[in-house]
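Treat the numbers as computed from the prediction; the structure is a model and nothing was measured.
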Amino acid sequence: MSELIQTERPRPGVLLIRLNRADALNAMNVELVEALHAVLASVRHDSETRAIVLTGNGRAFCAGIDLRGYGTPPGATEGEGRAQAGMRVQQHIASLVEAFRGARPPVVAAINGAAAGGGMALALMADVRIMAEGAALHASFINRGQSSCDIGVSWLLPRMIGFSRAAEILLTGRPVDAAECERVGIVSSVHPAERLLDTALDTAENIARNSPFGVWMTKEVMWSNLEVPSLRAAIDLENRTQILAAMTKDHREAVHSFLEKRPPVYRNH
(Lines give C-alpha, C1' and ligand atoms only; values in the text may rest on other atoms or scores of the structure.)
Protein backbone atom coordinates (compact mmCIF):
# COMPACT_ATOMS: atom_id res chain seq x y z
CA MET A 1 0.00 0.00 0.00
CA SER A 2 1.26 3.49 -0.87
CA GLU A 3 2.46 5.68 1.97
CA LEU A 4 -0.11 8.24 0.73
CA ILE A 5 -2.85 6.11 2.28
CA GLN A 6 -2.61 4.91 5.88
CA THR A 7 -4.85 2.15 7.17
CA GLU A 8 -5.48 0.66 10.58
CA ARG A 9 -8.15 -1.36 12.34
CA PRO A 10 -8.90 0.52 15.58
CA ARG A 11 -12.22 -1.20 16.38
CA PRO A 12 -13.63 -4.67 15.68
CA GLY A 13 -14.68 -4.89 12.04
CA VAL A 14 -13.74 -1.25 11.33
CA LEU A 15 -11.14 -0.12 8.80
CA LEU A 16 -9.78 3.41 9.21
CA ILE A 17 -8.40 5.01 6.02
CA ARG A 18 -6.37 8.21 6.29
CA LEU A 19 -5.41 10.34 3.29
CA ASN A 20 -1.77 11.07 3.98
CA ARG A 21 -0.60 14.05 1.90
CA ALA A 22 -0.93 16.55 4.72
CA ASP A 23 1.75 18.84 3.24
CA ALA A 24 -0.43 19.15 0.09
CA LEU A 25 -3.74 19.31 2.00
CA ASN A 26 -4.36 15.72 0.86
CA ALA A 27 -4.80 16.88 -2.73
CA MET A 28 -5.47 14.08 -5.21
CA ASN A 29 -2.66 12.91 -7.45
CA VAL A 30 -2.46 9.67 -9.36
CA GLU A 31 -0.61 7.85 -6.58
CA LEU A 32 -3.12 8.79 -3.89
CA VAL A 33 -6.15 7.95 -6.05
CA GLU A 34 -4.61 4.67 -7.19
CA ALA A 35 -3.87 3.74 -3.57
CA LEU A 36 -7.44 4.58 -2.58
CA HIS A 37 -8.74 2.42 -5.44
CA ALA A 38 -6.53 -0.40 -4.22
CA VAL A 39 -7.69 -0.33 -0.61
CA LEU A 40 -11.35 -0.12 -1.63
CA ALA A 41 -10.87 -3.03 -4.03
CA SER A 42 -9.29 -5.07 -1.25
CA VAL A 43 -12.46 -4.82 0.88
CA ARG A 44 -15.05 -4.73 -1.92
CA HIS A 45 -16.25 -8.26 -1.14
CA ASP A 46 -14.83 -8.50 2.39
CA SER A 47 -17.34 -9.61 5.02
CA GLU A 48 -14.78 -9.21 7.82
CA THR A 49 -14.48 -5.46 7.23
CA ARG A 50 -17.90 -4.31 8.35
CA ALA A 51 -17.50 -0.52 8.10
CA ILE A 52 -14.95 2.03 6.90
CA VAL A 53 -14.00 5.45 8.28
CA LEU A 54 -12.33 7.84 5.84
CA THR A 55 -10.52 10.97 7.02
CA GLY A 56 -7.55 13.17 6.17
CA ASN A 57 -4.30 13.71 8.01
CA GLY A 58 -3.40 17.29 8.87
CA ARG A 59 -5.71 20.28 8.65
CA ALA A 60 -7.65 19.36 5.49
CA PHE A 61 -9.89 16.50 4.49
CA CYS A 62 -8.96 16.80 0.80
CA ALA A 63 -8.19 19.87 -1.32
CA GLY A 64 -9.31 18.23 -4.56
CA ILE A 65 -7.11 17.52 -7.56
CA ASP A 66 -3.49 18.56 -7.23
CA LEU A 67 -3.19 21.63 -9.46
CA ARG A 68 0.59 21.24 -9.51
CA GLY A 69 0.18 18.04 -11.48
CA TYR A 70 -1.95 14.91 -11.25
CA GLY A 71 0.39 12.43 -12.91
CA THR A 72 -0.21 9.69 -15.45
CA PRO A 73 -2.97 7.16 -14.75
CA PRO A 74 -2.44 3.43 -15.38
CA GLY A 75 -2.76 2.37 -19.00
CA ALA A 76 -1.75 5.68 -20.53
CA THR A 77 0.30 5.42 -23.72
CA GLU A 78 2.85 7.80 -25.16
CA GLY A 79 1.53 10.14 -27.80
CA GLU A 80 -2.11 10.25 -26.67
CA GLY A 81 -4.00 13.40 -27.61
CA ARG A 82 -4.92 16.02 -25.06
CA ALA A 83 -8.58 14.96 -24.97
CA GLN A 84 -7.68 11.29 -24.62
CA ALA A 85 -5.17 11.92 -21.83
CA GLY A 86 -7.59 14.26 -20.05
CA MET A 87 -10.39 11.71 -20.23
CA ARG A 88 -8.12 9.05 -18.78
CA VAL A 89 -7.40 11.28 -15.77
CA GLN A 90 -11.09 12.21 -15.45
CA GLN A 91 -12.23 8.59 -15.45
CA HIS A 92 -9.49 7.53 -13.04
CA ILE A 93 -10.82 9.98 -10.44
CA ALA A 94 -14.53 9.65 -11.23
CA SER A 95 -14.43 5.86 -10.98
CA LEU A 96 -13.94 6.34 -7.24
CA VAL A 97 -17.70 6.96 -7.06
CA GLU A 98 -18.45 3.40 -8.14
CA ALA A 99 -15.61 2.08 -5.98
CA PHE A 100 -17.22 3.65 -2.90
CA ARG A 101 -20.69 2.52 -3.86
CA GLY A 102 -19.55 -0.97 -4.80
CA ALA A 103 -17.61 -1.62 -1.59
CA ARG A 104 -19.66 -3.84 0.69
CA PRO A 105 -18.74 -2.00 3.94
CA PRO A 106 -20.51 1.35 4.42
CA VAL A 107 -18.17 4.34 4.44
CA VAL A 108 -18.31 7.00 7.16
CA ALA A 109 -16.53 10.21 6.10
CA ALA A 110 -14.97 12.07 9.03
CA ILE A 111 -14.57 15.50 7.42
CA ASN A 112 -11.82 17.00 9.55
CA GLY A 113 -11.14 20.14 7.50
CA ALA A 114 -11.63 21.72 4.10
CA ALA A 115 -13.12 19.44 1.45
CA ALA A 116 -12.79 21.30 -1.84
CA GLY A 117 -13.61 20.31 -5.41
CA GLY A 118 -12.79 16.64 -5.70
CA GLY A 119 -12.46 16.54 -1.92
CA MET A 120 -16.08 17.63 -1.61
CA ALA A 121 -17.00 14.90 -4.10
CA LEU A 122 -15.06 12.38 -2.02
CA ALA A 123 -17.07 13.34 1.05
CA LEU A 124 -20.37 13.08 -0.85
CA MET A 125 -19.49 9.57 -2.05
CA ALA A 126 -19.59 8.27 1.52
CA ASP A 127 -22.69 6.66 2.98
CA VAL A 128 -22.54 8.74 6.18
CA ARG A 129 -20.84 12.11 6.71
CA ILE A 130 -19.73 13.54 10.06
CA MET A 131 -18.03 16.93 10.21
CA ALA A 132 -15.69 18.90 12.45
CA GLU A 133 -16.93 22.31 13.59
CA GLY A 134 -14.25 24.19 11.68
CA ALA A 135 -14.54 22.20 8.44
CA ALA A 136 -16.21 23.37 5.24
CA LEU A 137 -17.17 22.11 1.81
CA HIS A 138 -16.19 24.08 -1.30
CA ALA A 139 -17.54 23.38 -4.80
CA SER A 140 -14.40 25.04 -6.06
CA PHE A 141 -14.46 23.54 -9.55
CA ILE A 142 -16.34 26.60 -10.79
CA ASN A 143 -13.84 28.96 -9.16
CA ARG A 144 -11.14 27.35 -11.33
CA GLY A 145 -12.97 27.92 -14.61
CA GLN A 146 -14.58 24.50 -14.75
CA SER A 147 -18.06 23.10 -14.22
CA SER A 148 -19.11 22.21 -10.69
CA CYS A 149 -20.85 19.16 -12.19
CA ASP A 150 -18.00 16.72 -11.68
CA ILE A 151 -17.17 13.39 -10.00
CA GLY A 152 -20.82 12.62 -9.27
CA VAL A 153 -21.53 15.86 -7.41
CA SER A 154 -24.35 16.97 -9.74
CA TRP A 155 -26.16 13.67 -9.11
CA LEU A 156 -25.44 13.28 -5.40
CA LEU A 157 -25.92 16.77 -3.97
CA PRO A 158 -29.42 17.53 -5.38
CA ARG A 159 -30.66 14.21 -4.05
CA MET A 160 -29.38 15.14 -0.60
CA ILE A 161 -30.62 18.70 -0.31
CA GLY A 162 -32.88 19.46 -3.30
CA PHE A 163 -32.17 21.10 -6.64
CA SER A 164 -32.35 24.78 -5.68
CA ARG A 165 -30.00 24.59 -2.71
CA ALA A 166 -27.60 22.41 -4.65
CA ALA A 167 -27.68 24.75 -7.64
CA GLU A 168 -26.87 27.79 -5.50
CA ILE A 169 -23.91 26.01 -3.91
CA LEU A 170 -22.57 24.65 -7.20
CA LEU A 171 -23.07 27.84 -9.20
CA THR A 172 -21.42 30.16 -6.67
CA GLY A 173 -18.64 27.89 -5.44
CA ARG A 174 -19.00 29.49 -2.02
CA PRO A 175 -17.86 27.67 1.12
CA VAL A 176 -20.52 25.75 3.03
CA ASP A 177 -19.59 25.64 6.70
CA ALA A 178 -20.30 22.80 9.09
CA ALA A 179 -23.36 24.42 10.65
CA GLU A 180 -25.02 24.86 7.26
CA CYS A 181 -24.03 21.36 6.17
CA GLU A 182 -25.82 19.95 9.21
CA ARG A 183 -28.83 22.25 8.79
CA VAL A 184 -29.50 21.31 5.17
CA GLY A 185 -28.72 17.62 5.62
CA ILE A 186 -25.37 17.17 3.88
CA VAL A 187 -23.87 15.77 7.09
CA SER A 188 -25.41 13.77 9.90
CA SER A 189 -23.77 15.67 12.73
CA VAL A 190 -21.08 18.20 13.65
CA HIS A 191 -18.56 17.79 16.47
CA PRO A 192 -15.52 19.51 17.99
CA ALA A 193 -12.42 18.56 16.04
CA GLU A 194 -10.98 16.59 18.95
CA ARG A 195 -14.11 14.40 19.08
CA LEU A 196 -14.64 13.91 15.36
CA LEU A 197 -12.68 10.72 14.79
CA ASP A 198 -13.97 8.97 17.90
CA THR A 199 -17.54 9.84 16.89
CA ALA A 200 -16.97 8.49 13.38
CA LEU A 201 -15.44 5.31 14.79
CA ASP A 202 -18.37 4.93 17.20
CA THR A 203 -20.75 5.21 14.25
CA ALA A 204 -18.78 2.66 12.25
CA GLU A 205 -18.66 0.31 15.24
CA ASN A 206 -22.44 0.58 15.65
CA ILE A 207 -22.81 -0.39 11.98
CA ALA A 208 -20.35 -3.26 12.42
CA ARG A 209 -22.40 -4.74 15.26
CA ASN A 210 -25.22 -5.58 12.84
CA SER A 211 -25.33 -8.64 10.62
CA PRO A 212 -22.96 -8.50 7.64
CA PHE A 213 -25.70 -9.43 5.15
CA GLY A 214 -28.19 -7.00 6.64
CA VAL A 215 -25.71 -4.10 6.36
CA TRP A 216 -24.65 -5.14 2.86
CA MET A 217 -28.23 -5.30 1.62
CA THR A 218 -29.22 -2.05 3.34
CA LYS A 219 -26.40 -0.14 1.64
CA GLU A 220 -27.04 -1.78 -1.73
CA VAL A 221 -30.81 -1.26 -1.72
CA MET A 222 -30.63 2.35 -0.51
CA TRP A 223 -28.25 3.29 -3.34
CA SER A 224 -30.24 1.31 -5.92
CA ASN A 225 -33.51 2.87 -4.86
CA LEU A 226 -32.14 6.34 -5.53
CA GLU A 227 -32.25 5.34 -9.18
CA VAL A 228 -35.48 3.34 -9.59
CA PRO A 229 -38.36 5.07 -11.42
CA SER A 230 -41.18 4.35 -9.00
CA LEU A 231 -42.21 3.53 -5.44
CA ARG A 232 -43.48 0.17 -6.67
CA ALA A 233 -40.09 -0.74 -8.13
CA ALA A 234 -38.41 0.26 -4.86
CA ILE A 235 -40.77 -1.88 -2.79
CA ASP A 236 -40.34 -4.85 -5.12
CA LEU A 237 -36.58 -4.68 -4.59
CA GLU A 238 -37.04 -4.33 -0.82
CA ASN A 239 -39.36 -7.35 -0.75
CA ARG A 240 -36.91 -9.64 -2.52
CA THR A 241 -33.97 -8.48 -0.44
CA GLN A 242 -35.86 -8.92 2.83
CA ILE A 243 -36.76 -12.50 1.96
CA LEU A 244 -33.12 -13.23 1.18
CA ALA A 245 -32.11 -11.78 4.56
CA ALA A 246 -34.80 -13.78 6.37
CA MET A 247 -33.33 -16.99 4.95
CA THR A 248 -29.91 -16.46 6.57
CA LYS A 249 -28.72 -18.18 9.73
CA ASP A 250 -27.68 -14.78 11.03
CA HIS A 251 -31.33 -13.69 10.96
CA ARG A 252 -32.29 -16.68 13.10
CA GLU A 253 -29.37 -15.91 15.42
CA ALA A 254 -30.59 -12.30 15.74
CA VAL A 255 -34.08 -13.47 16.72
CA HIS A 256 -32.80 -16.07 19.19
CA SER A 257 -30.35 -13.66 20.81
CA PHE A 258 -33.12 -11.06 21.20
CA LEU A 259 -35.41 -13.58 22.88
CA GLU A 260 -32.56 -14.85 25.05
CA LYS A 261 -31.48 -11.31 25.96
CA ARG A 262 -27.87 -11.71 24.83
CA PRO A 263 -25.69 -10.11 22.15
CA PRO A 264 -25.90 -11.85 18.76
CA VAL A 265 -22.96 -13.73 17.36
CA TYR A 266 -22.95 -13.27 13.58
CA ARG A 267 -21.00 -15.64 11.31
CA ASN A 268 -22.17 -14.34 7.93
CA HIS A 269 -24.11 -17.57 7.34
Practice problem: Could you check I52 against V43 for side chain to side chain contact (heavy atoms under 4.5 Å, CB included), going step by step and ending with a plain yes or no? | Solution: CA-CA 9 Å; I52 296 168; V43 297; 3.8 Å; yes

Quiz item: Going through the checks in order, is the side chain to side chain contact (heavy atoms under 4.5 Å, CB included) test met by L32 and L19?
Solution: CA-CA 8 Å; L32 185 145; L19 307 180; 4.2 Å; yes

Practice problem: Could you walk me through whether I186 and L124 pass side chain to side chain contact (heavy atoms under 4.5 Å, CB included), step by step? | Solution: CA-CA 8 Å; I186 298 175; L124 297 183; 4.0 Å; yes

Quiz item: Among all residues two or more places apart in sequence or in another chain, which pass the salt bridge (Lys or Arg N to Asp or Glu O under 4.0 Å) test with E220?
Solution: none

Exercise. Please list, chain by chain and in numerical order, all residues satisfying side-chain hydrogen bond (donor to acceptor under 3.5 Å, both in side chains) with E80, sequence neighbours excluded.
Key: R88

Quiz item: Does the side chain of L4 come within less than 4.5 Å of E34's, by heavy atoms?
Solution: no

Exercise. Would you please name every residue forming a side-chain hydrogen bond (donor to acceptor under 3.5 Å, both in side chains) with E253, sequence neighbours left out?
Key: R262

Practice problem: Output the distance between atom NE2 (H269) and atom OG (S211), rounded to the nearest 0.5 Å. | Solution: 12.5 Å

Quiz prompt | side-chain hydrogen bond (donor to acceptor under 3.5 Å, both in side chains) involving N225 - partner list, sequence neighbours excluded | solution = none

Self-check item: Distance in Å, I5 CD1 paired with L36 CG, rounded so as to fall on 0.5 Å steps
Solution: 5.0 Å

Quiz prompt | Qualifying residues under side-chain hydrogen bond (donor to acceptor under 3.5 Å, both in side chains), relative to D202, sequence neighbours excluded | solution = R11

Self-check item: ring pair (Phe, Tyr, Trp, His ring centres under 6.0 Å): pairs with one or both residues in residues 203-254, sequence neighbours excluded
Solution: F213-W216

Practice problem: Scan for salt bridge (charged side-chain N to carboxylate O under 4.0 Å, His left out) pairs involving residues 99-119, sequence neighbours excluded, and state none if there are none. | Solution: R101-E227

Exercise. Check step by step if side chain to side chain donor-acceptor pair (under 3.5 Å) holds for Q90 and D150.
Key: CA-CA 9 Å; Q90 184 71 26; D150 195 18; 2.4 Å; yes

Practice problem: Enter the distance from E180:CD to L137:CG here, rounded to the nearest 0.5 Å. | Solution: 9.5 Å

Quiz item: Got a sec, which residues hit salt bridge (Lys or Arg N to Asp or Glu O under 4.0 Å) with D236, two or more places apart in sequence or on another chain?
Solution: R232

Quiz item: Side chains of S95 and H37: donor-acceptor distance under 3.5 Å anywhere?
Solution: yes

Quiz prompt | Euclidean distance, T172 OG1 relative to H138 NE2, rounded to 0.5 Å | solution = 11.5 Å

Quiz item: Sequence neighbours excluded, which residues qualify as salt bridge (Lys or Arg N to Asp or Glu O under 4.0 Å) partners of E168?
Solution: R174

Practice problem: Show the numbers, then the answer: is there a salt bridge (Lys or Arg N to Asp or Glu O under 4.0 Å) between E8 and R18? | Solution: CA-CA 9 Å; E8 59 182 289; R18 297 178 187 267; 3.4 Å; yes

Quiz prompt | Minimum side-chain heavy-atom gap M131-S189 below 4.5 Å | solution = no

Quiz item: Roughly how far, to the nearest 0.5 Å, is CZ of R50 from OH of Y266?
Solution: 8.5 Å

Quiz item: Would one find more than 12 heavy atoms of other residues, nucleotides or ligands at under 6.0 Å from atom CD of Q242?
Solution: no

List, one per line, each side-chain donor-acceptor pair under 3.5 Å for residues 63-75, sequence neighbours excluded.
{"residue": "D66", "atom": "OD1", "partner": "R68", "partner atom": "N", "Å": "2.9"}
{"residue": "D66", "atom": "OD1", "partner": "R68", "partner atom": "NE", "Å": "3.3"}
{"residue": "D66", "atom": "OD2", "partner": "R21", "partner atom": "NH1", "Å": "3.0"}
{"residue": "D66", "atom": "OD2", "partner": "R21", "partner atom": "NH2", "Å": "3.1"}
{"residue": "Y70", "atom": "OH", "partner": "H92", "partner atom": "ND1", "Å": "2.7"}

Quiz item: Is there a donor-acceptor contact under 3.5 Å linking the side chains of N57 and Q6?
Solution: yes

Exercise. Would you mind reporting whether L25 and F61 have side-chain heavy atoms less than 4.5 Å apart?
Key: no

Quiz prompt | For the student: nearest non-hydrogen atoms of I169 and I161, plus distance | solution = CD1-CD1, 3.8 Å

Self-check item: R59, CZ: over 12 other non-hydrogen atoms inside 6.0 angstrom
Solution: no

Self-check item: Approximate separation, where rounding is to 0.5 Å, of S148 OG and I142 CD1
Solution: 4.5 Å

Quiz item: Minimum heavy-atom separation for A204 to V53, with atom names?
Solution: CB-CG2, 3.6 Å

Quiz prompt | N/O donor-acceptor pair under 3.5 Å between S224 side chain and V221 backbone | solution = no

Quiz item: With sequence neighbours left out, which residue pairs that include part of residues 116-140 fulfil the salt bridge (charged side-chain N to carboxylate O under 4.0 Å, His left out) condition?
Solution: D127-K219

Practice problem: Among residues two or more places apart or on two chains, list those pairs meeting ring pair (Phe, Tyr, Trp, His ring centres under 6.0 Å) that have a residue in residues 139-192. | Solution: none

